[in-house]
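Here the structure comes first, spelled out in structure tokens, and everything after it is commentary.
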Amino acid sequence: TGVLLNEEVRIINTVKRISPSVVAVRSFKTDGDRALASGFIVSPDGQILTNNHVVTNVRRIEVTLADGRELTARNLGGDPLIDVAIIKIPATNLQPAQLGDSDDLQVGQTAIAIGNPYGFERTVTVGVVSALGRNIPGGGASLTNLIQTDARIYPGNSGGPLLDSNGRVIGVNTAVVGGQVGVLGFAIPINTARRVVDDVRRYGRVKVPWLGISYGDINEQISKAFNLPVKQGIIVAGVEKNGPAALAGIAKGDIIVEVDGKAISDGGDLQRILQKKNVGDAMQVTAIRDGQRRGFRAILKEMPMSLLGGASD
């Protein structure tokens with residue numbers, strides 16, 4: 001009693017180091033609703049990483065720092081495909097969080113979450129990395145290639161950091177799944193989120209690569225019901241006028257089965273490829289039209305501002 005174990009000391013020191021970098025984010029919606037979430041500082045001059053869904057279509061964003069200061073933030077842009085955004089507050093000499101390498105993660109290693117669940121600021125939960133490469137189906141943001149953790153993630157943790165035992169950020173907490181039997185937590189790998197940080201440093205805003213289509217997944221049941229020539233892939237439901245796909249010749253009804261030489265079994269596969277692309281990159285698309293395979297070369301554009309709050313890719 002009274003003697004701390006080495007692992008406890010490590011977690012305590014980790015929390016002490018990261019706490020000055022963790023912020024509370026309050027967003028005020030246009031309809032009067034308010035949302036409470038989390039974020040963490042990524043530059044000394046006030047850039048903060050958080051979830052895109054937290055700061056999209058809001059009229060005001062307020063940030064509370066660890067020292068109690070409350071500041072109004074502006075949105076520098078986000079990527080709805082990966083649900084991360086950068087906001088900025090008018091402050092300097094801040095302590096940024098140290099970013100880790102999520103490609104080196106191993107199942108079973110320690111995972112520490114810190115954030116503001118239900119308004120209780122800087123709440124710490126501890127667990128392990130439960131799984132890697134998880135996908136959560138559904139509309140909205142592209143919830144693919146996620147880190148699963150049993151460190152408790154609650155409403156209000158969104159946008160906060162998931163840390164390794166050395167205090168390095170390995171993920172951005174984003175979602176929970178579960179009910180009365182338990183809750184699973186999920187985080188966006190920090191290597192996925194790095195692109196928006198790099199975009200802001202290069203361009204002053206986030207530039208989202210955009211193909212300009214909406215689509216639906218094909219599975220065996222859908223293929224059988226509509227007598228489609230393949231049992232997996234994505235079928236193009238709509239093509240944005242003058243978008244990259246339209247300019248390349250892709251049309252509504254085309255079935256995309258391959259991109260850049262990689263098989264496409266569902267929308268998650270396409271989204272993972274898009275996440276690694278930049279505006280101006282070429283994308284080689286193979287699609288089936290009238291029973292024949294056809295190739296298209298699309299040059300990705302920047303997603304229009306009018307679509308940044310939507311779910312199209």
Side-chain angles (χ1 to χ4, degrees), residues 52-53 56-57 77-85 135-145 188 192-193 195-196 198-199 202-203 205-220 222-223 225-313:
N52 186 66
H53 75 261
T56 298
N57 299 324
D79 188 341
L81 300 181
I82 54 177
D83 195 23
V84 289
N135 301 330
I136 301 177
S142 167
L143 298 180
T144 63
N145 193 34
I188 301 155
T192 300
R195 189 175 63 77
V196 300
D198 293 341
D199 275 1
R202 272 188 226 159
Y203 314 113
R205 69 182 194 280
V206 179
K207 298 176 70 173
V208 181
W210 177 63
L211 181 57
I213 62 170
S214 58
Y215 55 81
D217 289 346
I218 295 173
N219 55 34
E220 191 168 351
I222 290 175
S223 176
F226 293 95
N227 195 27
L228 300 178
V230 294
K231 294 182 179 179
Q232 62 182 17
I234 58 175
I235 187 165
V236 178
V239 180
E240 292 286 342
K241 185 178 180 181
N242 295 322
L247 295 176
I250 296 170
K252 180 179 179 180
D254 287 348
I255 299 173
I256 296 176
V257 293
E258 193 174 285
V259 171
D260 289 346
K262 297 181 177 67
I264 299 297
S265 59
D266 55 30
D269 289 338
L270 174 62
Q271 291 165 355
R272 278 186 284 276
I273 293 172
L274 276 170
Q275 288 167 14
K276 297 178 181 178
K277 294 285 190 176
N278 294 309
V279 174
D281 285 352
M283 177 177 277
Q284 300 292 337
V285 178
T286 301
I288 295 176
R289 180 186 295 175
D290 299 326
Q292 301 295 318
R293 290 171 68 95
R294 298 188 55 176
F296 304 90
R297 185 174 185 269
I299 305 299
L300 299 176
K301 292 185 178 183
E302 182 176 351
M303 183 178 287
M305 289 295 294
S306 60
L307 298 178
L308 280 175
S312 294
D313 294 335

Using only atom types and a distance under 3.5 Å, with no angle test, would you say the side chain of [X] pairs donor to acceptor with the backbone of [Y]?
X: Ser214; Y: Ala237; value: no
X: Asn135; Y: Asn145; value: yes
X: Asp254; Y: Ile235; value: no
X: Asp269; Y: Arg272; value: no
X: Asp290; Y: Gln292; value: no
X: Ser265; Y: Gln232; value: no

Can you check whether [X] reaches [Y] side chain to side chain, under 4.5 Å on heavy atoms?
X: Ile213; Y: Ile256; answer: yes
X: Ile218; Y: Leu228; answer: yes
X: Ile234; Y: Leu270; answer: yes
X: Val84; Y: Ile188; answer: yes
X: Val279; Y: Trp210; answer: no
X: Pro80; Y: Asn52; answer: yes
X: Glu258; Y: Val285; answer: no

Regarding [X] and [Y], does a basic nitrogen lie under 4.0 Å from an acidic carboxylate oxygen?
X: Glu240; Y: Lys301; result: no
X: Asp198; Y: Arg195; result: no
X: Lys207; Y: Asp199; result: no

For Ile255 against Pro229, the heavy-atom pair lying closest together:
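So the two residues come closest at CD1-CD, 3.9 Å.
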For a quick test of reading the model, state the closest non-hydrogen atom pair linking Ala251 to Val239 and the distance between them.
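Heavy atoms only, the tightest pair is C-CG2, 3.9 Å.
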Could you walk me through whether Arg289 and Phe296 satisfy the side-chain contact (heavy atoms from CB on, under 4.5 Å) test, starting with their C-alpha distance in whole Å, then the side-chain angles of each, then the deciding distance to 0.1 Å, before giving a yes or no?
CA-CA 12 Å; Arg289 180 186 295 175; Phe296 304 90; 3.7 Å; yes
Who are the salt bridge (charged side-chain N to carboxylate O under 4.0 Å, His left out) partners of Asp281, not counting sequence neighbours?
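By the salt bridge (charged side-chain N to carboxylate O under 4.0 Å, His left out) rule, Asp281 matches no residue at all.
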Who are the salt bridge (charged side-chain N to carboxylate O under 4.0 Å, His left out) partners of Asp217, not counting sequence neighbours?
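Scan of Asp217 (salt bridge (charged side-chain N to carboxylate O under 4.0 Å, His left out), adjacent residues dropped) gives none.
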Return the CG to CG distance between Leu300 and Leu274, rounded to the nearest 0.5 Å.
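The CG atom of Leu274 is 6.0 Å from CG of Leu300, to the nearest 0.5 Å.
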Derivation and outcome, side-chain contact (heavy atoms from CB on, under 4.5 Å), residues Met283 and Leu211
CA-CA 9 Å; Met283 177 177 277; Leu211 181 57; 4.1 Å; yes
Set out, in order, the CA-CA distance, both residues' side-chain angles and the distance that settles side-chain contact (heavy atoms from CB on, under 4.5 Å) for Lys231 and Ile222, then state yes or no.
CA-CA 8 Å; Lys231 294 182 179 179; Ile222 290 175; over 6 Å; no
Using the side-chain contact (heavy atoms from CB on, under 4.5 Å) rule, take Lys262 and Ile273 through it: C-alpha gap first, then chi angles, then the decisive distance, then the call.
CA-CA 9 Å; Lys262 297 181 177 67; Ile273 293 172; 4.3 Å; yes
